[in-house]
Amino acid sequence: MTAPALTALSVMSLLSLGYLSQDWTSPNQVEQPNHPRPHIIFIMTDDQGFNDIGYHNKDIHTPTLDKLAAEGVKLENYYIQPICTPSRSQFITGRYQIHTGLQHSIIRSRQPSCLPFDLRTFPQRLQEAGYATHMVGKWHLGFYKRDCLPTRRGFHTYFGSLTGSVDYYTYKSCDGPGICGYDLHEGERVAWDQGGRYSTHLYTQKVRKILAAHDPSSQPLFIFLSFQAVHTPLQSPREYVYPYRQMGNVFRRKYAGMVSAVDEAVKNVTYALRKYGYYKNSVIIFSTDNGGQPLFGGSNWPLRGRKGTYWEGGVRGIGFVHSPLLRRRKRVSKALVHITDWYPTLVGLAGGNVSRMDGLDGYDMWETISNGKESPRLEILHNIDPLYNAARHGSLKNGYGIWNTAIQAAVRVGDWKLLTGNPGYGDWIPPQMFGNFPESWWNLERHTEAKKALWLFNVADDPYERYDLAERRPDVVKQLLARLAFYNRTAVPVRYPSEDPRANPKHNGGAWGPWEGDEENWEAFHLKKRRVKKQKRKFCKMKSFFRRLNIRMMSNRI
């Protein structure tokens with residue numbers, strides 16, 4: 001049987017078995033709202049695990065997020081990607097990684113790579129629909145050319161960091177020993193004078209200023225607030241960590257404090273939405289970008305795996321929608337939703353024509369979220385990464401001649417999930433476990449299934465992936481392998497270039513920024529930097545004084 005025929009048979013077989021039951025007659029279009037186009041606030045956190053929010057875990061204090069979620073719609077079958085760049089690229093393009101060339105790893109600071117220039121981002125679509133668009137926070141989608149920057153990809157304004165990880169106070173970012181630079185930007189310029197404040201607070205202040213300066217009655221607004229929290233380094237003002245002082249694991253304690261700081265930030269943003277007249281016609285969306293990292297305080301318990309893996313702990317995310325415009329509020333949605341779905345959902349909500357956007361892998365989910373209708377999404381391609389280390393015991397033969405199981409890949413169809421290759425570390429990690437152990441110890445469990453390269457789970461019945469059904473259900477295995485083969489035929493070549501030495505901040509005035517085809521006057525950045533250093537010494541003296549005062553006031557050691 002040919003592969004296309006097998007693929008068609010696979011889908012029909014799954015439908016007949018009831019795994020993909022769905023009303024195909026209903027159009028995948030959002031009804032035009034009977035209200036003005038809404039203001040859209042999308043809040044994304046970094047590395048926040050499934051167990052790292054109050055309504056999943058009472059030990060984490062997030063009263064604001066809990067309240068917003070309880071009064072809105074909790075998305076409890078919501079999927080993201082296992083690491084930063086893939087999630088952000090799928091969010092902003094509405095396409096799977098295999099359709100953008102970003103199948104492998106993240107975009108590193110010295111790589112001459114970014115979002116493909118021929119793709120229209122959804123902020124660009126919102127601009128076409130008449131929206132004012134703003135981004136505050138972490139970008140991590142490439143910056144080697146100015147055309148890669150947020151202000152060239154759909155945002156009228158930008159304030160934040162371009163790389164994957166920075167110091168929360170100094171905004172120093174390193175990409176290897178001795179390859180460090182300053183990374184805080186406003187628009188397309190380095191914001192030398194803005195450093196020194198905790199990034200969660202600084203980003204919140206910027207959003208509030210945007211809301212205060214804009215007239216909500218004159219133009220709809222879109223803000224993408226992309227916190228770097230709760231990504232490493234684990235840094236937080238002491239007052240957020242203090243309530244968790246009884247936690248034995250130091251990493252978990254600091255991490256929890258960072259989550260609480262985010263919760264307070266969201267409280268301040270929603271307060272500003274009400275104060276300046278946005279709230280009644282607003283849609284607030286909250287999402288993490290990938291699973292938590294237990295090595296540094298995160299928790300995905302009771303899900304399997306962690307950040308960077310294709311187990312549920314790496315790809316099942318926290319997500320909710322809060323809005324006065326929701327028709328059915330205060331409920332939990334089990335509808336299948338993926339991060340690519342935000343593109344058509346938000347463009348449709350803004351009045352754009354979703355049907356004219358070819359090549360999207362996302363679906364318009366507004367009727368599903370707002371009215372509780374069935375999800376139009378039937379399956380998710382988690383990824384196919386041909387560059388990831390091949391599994392030693394995988395082969396085309398083990399994949400029934402349909403798919404080489406040595407390749408790292410994962411797909412969900414209906415309630416079934418198939419993984420091939422090496423999905424990543426696959427243990428179940430309770431909160432506060434192993435936080436201070438050597439990193440090498442984490443690999444001890446990975447060899448318990450060293451001869452496996454294929455797994456099948458029914459994630460509806462077994463959300464914790466404890467019962468592998470690959471040997472018992474070879475019929476389903478073959479059908480899902482055929483779906484991987486089908487998707488792979490649509491993949492574009494992987495874009496993962498070698499690092500460019502010209503990217504080193506020492507060649508660019510001490511800051512990370514575009515280095516190819518850039519005529520920026522870096523000498524001006526040097527001059528600004530020297531002026532700021534004098535001011536910074538005064539700031540450091542004041543900071544030292546208040547730190548000593550704070551220590552005296554706190555009787556208990558954190």
Under 3.5 Å, is there a donor-acceptor pair between the Q81 and H338 side chains?
yes

Any side-chain heavy-atom pair of C114 and L141 under 4.5 Å:
no

Would you find a donor on one side and an acceptor on the other, under 3.5 Å apart, between the side chain of S323 and the backbone of S282?
yes

Checking the side chain of H393 only, and the main-chain atoms of A453 only, is there a donor and an acceptor separated by less than 3.5 Å?
no

No-hydrogen, no-angle side-chain donor-acceptor test under 3.5 Å, R125 and Y343
yes

Both conditions, 6.0 Å and 45 degrees, for the charged tip of R306 above the ring of Y425: are they met here?
yes

Is a side-chain donor or acceptor of Q111 paired with a backbone partner of P497 at a separation under 3.5 angstrom?
yes

Heavy-atom side-chain proximity of L360 to R95 below 4.5 angstrom:
yes

Kindly state each residue pair satisfying salt bridge (charged side-chain N to carboxylate O under 4.0 Å, His left out) with at least one member in residues 399-408, sequence neighbours excluded.
none

Could you check, using the six-membered ring where one of them is a Trp, whether W428 and W311 have ring centers closer than 6.0 angstrom?
no

Just how far is it from atom CG of D47 to atom CG of D289, taken to the nearest 0.5 Å?
6.0 Å

Is the ring pair Y144/F117 parallel, tilted or perpendicular, if the boundaries are 30 and 60 degrees?
tilted

Side-chain heavy atoms of F227 within contact of M258, under 4.5 Å:
no

Would you say N51 and H56 are linked by a side-chain donor-acceptor pair, where the criterion is simply a distance under 3.5 Å?
no

Using the benzene-type ring in the case of Trp, are the ring centres of Y388 and Y310 under 6.0 Å apart?
no

Indicate the ring-plane relationship of H99 and Y96, choosing parallel, tilted or perpendicular according to the 30° and 60° boundaries.
tilted

Taking NZ, NE, NH1 and NH2 as the nitrogens, is one of them in D46 or R88 under 4.0 Å from a carboxylate oxygen of the other?
yes

Donor-acceptor contact below 3.5 Å, side chain T340 vs main chain Q90:
no

Are any non-hydrogen side-chain atoms of L303 and Y464 less than 4.5 angstrom apart?
yes

R252 and D52 ion-paired at < 4.0 Å:
yes

So that I know where these two stand, are H322 and F286 an aromatic pair - ring centroids less than 6.0 Å apart?
no

Matching residue for Y79 among H382, R377, R316, R412 - test: side chain to side chain donor-acceptor pair (under 3.5 Å):
R412

Run the ring-centre check on F122 versus F91 and record whether the distance is less than 6.0 Å.
yes

For R331, look at atom CZ and say whether over 12 heavy atoms of other residues, nucleotides or ligands are found less than 6.0 Å away.
yes

Tell me yes or no: between the side chains of Y255 and S299, is some donor less than 3.5 Å from an acceptor?
no

Under 3.5 Å: donor-acceptor pair, side chain of T133, backbone of H156:
yes

Quick one: NE2 on H134 to CG on L225, what's the gap to the nearest 0.5 Å?
13.0 Å

Are R489 and F486 in a cation-pi contact, defined as NZ or CZ under 6.0 Å from the six-membered ring centre and within 45° of the axis?
no

Does the side chain of L469 reach to within under 4.5 Å of the side chain of V477, using non-hydrogen atoms?
no

